[in-house]
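Both counts, for ligands and for their atoms, begin at 1 and track the order of listing. What you see is a predicted model, and the numbers here were worked out from it, not measured in a lab.
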Amino acid sequence: MGKRVLVTGGTGYIGSHTAVELIKAGYEVVILDNLFNSKIEVLERIGKIANVVPFYKVDLMDAEAVDKVFEKGKFDTVIHFAGLKAVGESVEKPLSYYENNIGGTVNLLKAMKKHGCNEIIFSSSATVYGDPGKPEYVETMRTGQDISSPYGKTKYMIEEILKDATVANPKLSVVTLRYFNPIGAHPSGLLGEDPNGIPNNLMPIVMKVARKEIPKLAIYGDDYPTPDGTCRRDYIHVVDLSKGHLAAMQALKPGFNVYNLGSGKPNSVLEIVSAFEKASGEKLPRKVVKRRPGDLAEFWANPGKAEKELGWKTELTVDDAMEDTIRYLKNEE
Ligand code: NAD
Ligand code: UDP
């Protein structure tokens, strides 16, 4: 019998894909989400691909409601995706981001402590490295400096809170996963990235251009010191990323443990545009505009630690991610 896992943010983009992989691997999954940035239909789709799972529409900021979820059923492990993630919006509304992301995590940790749940996997981000001056990020690099947004700072602060919690409770096992740039969709075409409101990540914008909801992709600068002048990032297929959580489940051990989840290979904005065009067979309208403040020219993961200790590495390519994205887009029509 597999472990019983609470997936916070489980109707969201990465959470829903991870829920599918967990169910397929025999875990007992329960989803908690306030549906702020996801839709209830996702549950049905998880059901179609894998199996129907129990769902709590609960806001992590509501400590009492979170506690009740733990009262109703014991969990072995929590995978904690729930959080606000719009970098630009976090600059406008820093207090909402601190309240939701940090306050929500503290409520979750308190309920876990009260109910004797000692395992948590946390969704962190490459942004915690700030601007380390080298493009290949390794877990041993310092974190917490030059982080360009309140969103990024919440990720750093939550990592620190989790570290402190492991000191106070030697039984607590924490795995923090620092994601690079998740892209793609489920190969069934049933799950993908479908944020409410105006997105600011590259792929959801590319998808909006493809749907003709936005006339053109604005490429933020082509005068960077990179091979084609556009910024380079480490794009990782969401299914590979989800499988990284299953690998992390096997490696849970007391203390604070951290892993980069990335492919180790950078792609430029123009390469992403070309890959999308190749998969869709259509030209993607675009224009080059000025640089976006706070963007670094390039960075990518050193994924060696995850490969060595978790036995995990990416298997899918950017082209796979684009084909799956197109299938998801077609499925919406
Ligand atoms: P998402 O917005 O699709 O999913 C997050 C889910 O959390 C949403 O369904 C939302 O409704 C829910 N949520 C937010 N606040 C909540 C609250 N207070 N209570 C209950 N539910 C709440 O985002 P995603 O892309 O799937 O990201 C998942 C996690 O990974 C987030 O923590 C995000 O910061 C982190 N992350 C994402 C990326 C990325 O580029 N997608 C990169 C690095 C890290
Ligand atoms: N980008 C772009 N146009 C957009 C959105 C993003 O040119 O409308 C570029 C951005 O400058 C960056 C890359 O795409 O180089 C990835 O941006 P995203 O916001 O998705 O991720 P992050 O910058 O947080 O790595």
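- Panel note: side chain N260, backbone Y137; a donor-acceptor pair is recorded below 3.5 Å.
- Taking atom 15 (N) of ligand 1 as the reference point, the nearest protein heavy-atom neighbour is N100 ND2, 3.2 Å.
- Contact annotation: for N181 versus ligand 2, heavy atoms closer than 4.0 Å belong to the side chain alone.
- Shortest contact from atom 20 (O) of ligand 2 to any protein heavy atom: L202 N, 2.8 Å.
- The closest donor-acceptor contact from the side chain of H186 to the backbone of H17 lies at 3.5 Å or more, if one exists at all.
- Residue Y220 holds the heavy atom nearest to atom 7 (O) of ligand 2 of all those in Y220, Y235, F299.
- Residue, atom and distance of the protein heavy atom nearest to atom 29 (C) of ligand 1 are F81 O, 3.2 Å.
- Atoms of ligand 1 found under 4.0 Å from any heavy atom of V58 (numbered from 1 in listed order, with element): 19 (N), 20 (C).
- Which parts of ligand 2 touch N200 is read off a 4.0 Å heavy-atom cut-off, strictly below it: atoms 5 (C), 19 (O).
- Nearest to atom 1 (P) of ligand 1 by heavy-atom distance, out of N37, D33, V66, L60, is N37.
- One option in Y179, F36, Y13 has a heavy atom closer to atom 43 (C) of ligand 1 than any other, and that option is Y179.
- For H245 and F81, the distance between ring centers is under 6.0 angstrom.
- Judged by distance alone, the side chains of Y97 and E89 do bring a donor and an acceptor atom under 3.5 Å apart.
- Taking only non-hydrogen atoms, the option from I183, N34, T18 nearest to atom 22 (C) of ligand 1 is N34.
- Of the heavy atoms in A126, none comes closer than 4.0 Å to ligand 2.
- Of all atoms in ligand 2, numbered sequentially from 1 with element shown, those under 4.0 Å from a heavy atom of I219 are 7 (O).
- Every atom of ligand 2 is numbered from 1 in the order shown, and the set under 4.0 Å from a heavy atom of D295 is 10 (C), 11 (O), 23 (O).
- For ligand 2, the atoms sitting less than 4.0 Å from at least one non-hydrogen atom of C231 are 15 (O), numbered in the order shown with element in parentheses.
- By the criterion of a heavy-atom distance under 4.0 Å, the backbone of L35, and not its side chain, is placed next to ligand 1.
- Judged purely by distance below 3.5 Å, without hydrogens or angles, the side chains of D319 and T317 never pair a donor atom with an acceptor atom.
- Atom 5 (C) of ligand 1 has G83 O, 3.9 Å as its closest protein atom, hydrogens excluded (heavy atom only).
- Short contacts between ligand 1 and S123, defined as distances under 4.0 Å to a heavy atom of the residue, involve ligand atoms 29 (C), 30 (O), 32 (O), 35 (C).
- In this model, a donor atom of one side chain and an acceptor atom of the other lie less than 3.5 Å apart for S124 and E159.
- Residue contact check: A218 has heavy atoms under 4.0 Å from atoms 2 (C), 3 (N), 4 (C), 7 (O), 8 (O) of ligand 2.
- Which parts of ligand 2 touch V269 is read off a 4.0 Å heavy-atom cut-off, strictly below it: atoms 7 (O), 9 (C), 14 (O), 15 (O).
- Side-chain N or O atoms of W312 include none that pairs as donor or acceptor with a backbone N or O of L246 at under 3.5 Å.
- Contacts between I205 and ligand 2 below 4.0 angstrom, taking non-hydrogen atoms only, involve the side chain exclusively.
- Of the possible donor and acceptor atoms, one in the side chain of S16 sits under 3.5 Å from a partner among the backbone N and O of Y13.
- When non-hydrogen atoms are compared, ligand 2 lies under 4.0 Å from neither the backbone nor the side chain of M203.
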